[in-house]
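Input: a single structure, listed below in structure tokens.
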Amino acid sequence: MREAGRIVAIAHEEMRRAIAPGVSTKALDTIALTVLRDHDAEPCFLGYAPGNHPPFPATITASVNNELVHGIPSESRVLDEGDIIGLDVACFYKGYVGDAAFTHPVGEVSRSARRLMDATKAALNAAIAASVLGNSISDVAKATAKSAARAGYSVAREYTGHGVGRAMHEEPQVPNWWSGKKSQAQWQDYELQAGMTYAIEPMLIAGRSDLLELDDGWTVVTKDGSLTAHFEHTVAITEDGPLVLTLP
Ligand code: MG
């Protein structure tokens, strides 16, 4: 899983370097696919078709501005100065998965966009810091929610992090919030154990947290058009604390 995570990190770094006004999201997708294939890895998203979704047609999801997650790369989607773009990549390598996402500025971005990205990164770091023995999934979720709320942002409630291993989506779900009321608990809680591996992925929203899925069957946007940011790492729980697997 560390090797799968390393390959994902390299793909992200190559894409980050290519981001500029005038570049299409399809061009970024091609970069990621090339990195994966060069490292004998396969994209997890390509052909992925859970539930009622049509098969996802690309290696990455590329979600611009008010697009929260699952944006489909396209030659006609060209980046503009001031955009922010969330990129998500997962790969299979020797039977194991790595999964990570980052949101990047395109050229100069507004102060509010910068602040939203920083807060989302901070929420991810808070959740990673909470990924220690003695805690449960609910503690990780609460750490994300608390960090986001302190910065004044809402979190996407319908989309969660997830266990990662031989498949991209395994138990447990790792939400970005947690209801204090037992009757409202939507997810099973688990005590953290050494050897657990999961992806934490806060999605922060500058406005209201109401979301909409577009007719393409994938792209999720905010109903009020407000800006969103998304960061994700795959993490292993160890006796010595959290180990981030999706680093170069
Ligand atoms: Mg992901």
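Each ligand, and each atom within it, is numbered from 1 in the order the structure gives.
If you look at Asp88 and ask which of its N, O or S atoms sits nearest the Mg ion (ligand 1), the answer is OD1. Distances from the Mg ion (ligand 1) to each N, O or S atom of Glu232 single out OE1 as the nearest.
In the hydrophobic clustering of this structure, Met117 does not group with Ile85; members are Ile, Leu, Val, Met, Phe, Trp, Tyr whose side-chain heavy atoms approach within less than 4.5 Å, directly or through other members.
One of the N, O or S atoms belonging to Asp99 lies under 2.8 Å away from the Mg ion (ligand 1).
Counting only heavy atoms from C-beta outward, the side chains of Cys44 and Val97 approach each other to under 4.5 Å.
Heavy-atom contacts from other residues, nucleotides or ligands closer than 6.0 Å to CZ of Phe56 number more than 12.
A donor-acceptor pair shorter than 3.5 Å can be found between the side chains of Asp189 and Ser138.
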